[in-house]
Amino acid sequence: MMEDNRIIRGREAQRMIVETAWEMAEAVRATLGPKGMDMMLVDRMGNQVLTNDGASIIKALETRDPIAKIIAEVAKSQEQNAFDGTTTCIILLGELLRRALELIERGAHPNAIIKGFRIGLEQALQAAFENAIKKEPYEAGKEAASTAITGKSAEAFLDVLADICARAAIIARPSEIKLLTVPGNPKDSHLVEGLVVLKAPMTQGMPEVSEGNILLLESELGPPQAQMTLNDPDKIAQVVDMQTKYMQEILSRIKENNVKTLFCQRGVDSRAAQWLRKEGILAFKNIKRSDMMRLAVATKGHIISDPADINGEDLGQGIATVHESVNPYVSVQGEEVEAASIIIPAPTEQSAEEFQRALEDAVGVAHLCVKEPLVVHGAGTIQAQMYSAIKNGKPASNAKVEAARLAFAEALLVIPQTLAESAGMDVMDVTVRLSNEPTLGVDVHEMKLVPMSVFEPLGVVRSALTSAVENGVSLLRTHSVIMAKPIQEIFADAEK
Ligand code: ADP
Ligand code: MG
């Protein structure tokens, strides 16, 4: 990697950029696909985690090296836009740059290469669109979610989870789908319409379903704490009297405002809890701030900081339903708000995190499919199809541009090649057969090339390829790299 305070220009800069991109692509190659291998990430504190999630590995490689940073940004934006295809995108980027450098060393100008890549991209995207299959949104979502989950630990529960993701994606946008992990067995995962808070009512005997006004209270619900010495009986009686009056006033305000459900961010006094129960109000205490905020959005209510301020306008609206189980929770369905929650029981904290990550991706791709229910054949097929379309496509008139266009086509095959490699298949053999029969895919378990029913959203393939090309192009245009010291060090020098 680079030293500080150096200006690197021209061919040397290009070589360095390509080397970094290639190193990062190499680092994630082994994780691609269902036979992808786990890698162990160890941080400076000695914490370690096993993962085969390309995006996490790329994030871990992000160092002070500016090029590594750019590549990590590419991975992040792929994840944000398409929820999946991160590893694919980085592998393609590395391969495109490697081939570009080869052409540069053989005398091609970067502009000619950029032109050839852009023509190739257009022809590839056209081919992807023509080869896409239209499905029912639920079916497309389920297929895509299945592919996203395959190869991760969540795969053992593929059917349950893919169905949940597809249904959730139909109900709500990914930002409104909350994943909650609880202790237990993943096979009991389920989808709840509305928002879920992992809390049981504050006492027994409260209603199980309650519909109407919802009060969101930030402060404690209990008498104000008096500071007194406990040796003056009169004073104590006086204080208790005052506290009782105060509570009566607050509670009658709650009743006047016809509150049916109460969520309190802090504690609730036990007498107040009993009173709420008697009034048939469903109430919860010690609610996390983040849940309070979500409740406010979903029920269109405001969080009130002082119980004395309760008024009708601040109340939310909705139906709260209590679910008794090992991990009790309350679901809240607000008016007009389309929210969904997925409850994922997981045996350990680490598996909970893995499941959460896997499902985030899966919900995301299911969402893409619900929006645009077009899927393409995965397992390397779509890349073979794009390759073949470019090979048979209109050639460019300039020889160097044409060489780049063909190099682009060949670069696409890195995906089936990597899948084949991870399965221990003969890469050369796979390349030759796939280029002749681009409807086949890599069956990594049987180690054969066969038509595969693995589907990915067209959107993921389109985004991974476009972003690999666009970022590759801007890196190819980069003519010099200046390594600056960290700003703090520059200041430290000035003070000396
Ligand atoms: P990414 O971060 O790019 O999504 P993955 O590790 O999820 O990386 O691998 C995705 C690749 O694995 C895609 O090319 C996809 O088509 C392929 N793939 C997924 N499931 C299978 C399968 N059952 N058999 C072969 N290839 C598969
Ligand atoms: Mg994936």
Side-chain angles (χ1 to χ4, degrees), residues 24-25 27-39 51-59 71-72 74-95 128 131-133 142-155 158 161-162 165 354 357-366 368-369 375-387 412-425 430 434 440-465 467-468:
M24 292 180 85
V28 292
R29 264 176 85 100
T31 69
L32 187 76
K35 276 272 165 120
M37 299 212 268
D38 281 350
M39 301 188 92
T51 178
N52 74 355
D53 176 36
S56 316
I57 296 165
I58 290 289
K59 273 180 219 152
I71 298 191
V74 176
K76 278 185 217 160
S77 80
Q78 171 68 15
E79 196 176 40
Q80 273 160 17
N81 299 332
F83 308 95
D84 197 18
T86 327
T87 317
T88 303
C89 176
I90 298 303
I91 295 177
L92 285 170
L93 175 60
E95 184 68 17
N131 282 295
I133 306 157
K142 191 174 170 190
E143 293 279 14
S146 302
T147 307
I149 293 167
T150 304
K152 310 202 170 142
S153 52
E155 186 176 358
L158 190 63
L161 297 177
C165 292
E354 293 246 325
R357 261 204 308 270
L359 285 210
E360 266 165 25
D361 294 357
V363 163
V365 291
L368 286 183
C369 279
V375 294
V376 294
H377 278 98
T381 306
I382 183 62
Q383 286 84 14
Q385 286 169 328
M386 295 191 287
Y387 163 86
L412 295 174
L413 293 180
V414 71
I415 299 304
Q417 284 163 345
T418 306
L419 291 170
E421 200 179 330
S422 73
M425 295 163 72
V430 164
L434 262 189
L440 301 181
V442 184
D443 185 336
V444 292
H445 299 294
E446 298 296 321
M447 300 174 64
K448 283 193 306 202
L449 287 178
V450 286
M452 291 286 290
S453 36
V454 167
F455 297 97
E456 294 179 63
L458 173 63
V460 171
V461 171
R462 187 172 50 211
S463 152
L465 188 54
S467 124

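Positions are given from 1, in the same order as the sequence printed here. As the structure lists them, so they are numbered: ligands from 1, and atoms in each ligand from 1.
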* Run the numbers for me: atoms of ligand 1, each under 4.0 Å from some heavy atom of L419, listed by number. => 12 (O)
* Asked: For atom 19 (C) of ligand 1, what's the nearest protein heavy atom and its distance?
  -> T147 CG2, 3.6 Å
* **Nitrogen or oxygen of A379 less than 3.5 angstrom from that of ligand 1** => yes
* Give yes if a backbone or side-chain nitrogen or oxygen of T88 is under 3.5 Å from a nitrogen or oxygen of ligand 1, and no if not. => yes
* **Nearest non-hydrogen protein atom, atom 23 (N) of ligand 1** => V454 CG2, 3.6 Å
* Could you check E354 against R357 for salt bridge (Lys or Arg N to Asp or Glu O under 4.0 Å), going step by step and ending with a plain yes or no? => CA-CA 5 Å; E354 293 246 325; R357 261 204 308 270; 3.7 Å; yes
* Donor-acceptor pair, Q78 side chain versus D84 backbone, under 3.5 Å? -> yes
* Asked: Hey, does M24 have a side-chain heavy atom less than 4.5 Å from the side chain of I58?
  -> yes
* For atom 12 (O) of ligand 1, what is the nearest protein heavy atom, given as residue, atom name and distance? -> G33 CA, 3.4 Å
* Asked: Quick one: are I71 and I90 in side-chain contact, heavy atoms under 4.5 Å?
  -> yes
* Counting heavy atoms only, name the option from V376, I149, L32 that's nearest to atom 10 (C) of ligand 1. => L32
* Side chain to side chain, L465 and M386, heavy atoms closer than 4.5 Å -> yes
* To do: Please report which non-hydrogen protein atom sits nearest to atom 24 (N) of ligand 1, along with the residue it belongs to and the distance in Å to one decimal place.
  => M452 CE, 3.5 Å
* **Nitrogen or oxygen of D84 less than 3.5 angstrom from that of ligand 1** => yes
* Asked: Just distances here: any N/O of T87 and N/O of ligand 1 closer than 3.5 Å?
  -> yes
* Asked: Taking side chain as C-beta onward, heavy atoms only, is P416 less than 4.5 Å from L413?
  -> yes
* Which ligand 1 atoms are under 4.0 Å away from a heavy-atom of V442? -> 24 (N), 25 (C)
* Has D84 got an N, O or S atom lying less than 2.8 Å from the Mg ion (ligand 2)? -> yes
* Check ligand 1 against G378 and write out every atom of the ligand that is under 4.0 Å from a heavy-atom position of the residue. => 16 (O)
* Return the residue, atom name and 0.1 Å-rounded distance of the protein heavy atom closest to atom 27 (C) of ligand 1. => P34 CD, 3.4 Å
* **Residue pair A128 / V376: nearest heavy atoms and the distance that separates them** => O-CG1, 3.8 Å
* Are the side chains of T86 and D361 in touch, meaning some heavy atoms are under 4.5 Å apart? -> no
* To do: Flag the pair K59 / E79 as yes when at least one side-chain heavy-atom distance between them is below 4.5 Å, and no otherwise.
  => yes
* **Min side-chain heavy-atom separation E456-H377 under 4.5 Å** => no
* Asked: Is G85 close to ligand 1, meaning an N/O of one under 3.5 Å from an N/O of the other?
  -> yes
* Identify, for atom 15 (C) of ligand 1, the protein heavy atom at the shortest distance, and state residue, atom and that distance. => E456 OE2, 3.4 Å
* Under 4.0 Å from a heavy atom of T31: give me the atoms of ligand 1 that qualify, with their elements. => 6 (O)
* When you look at M452 and D443, which way does the side chain to side chain contact (heavy atoms under 4.5 Å, CB included) test go after all the steps? -> CA-CA 7 Å; M452 291 286 290; D443 185 336; 3.6 Å; yes
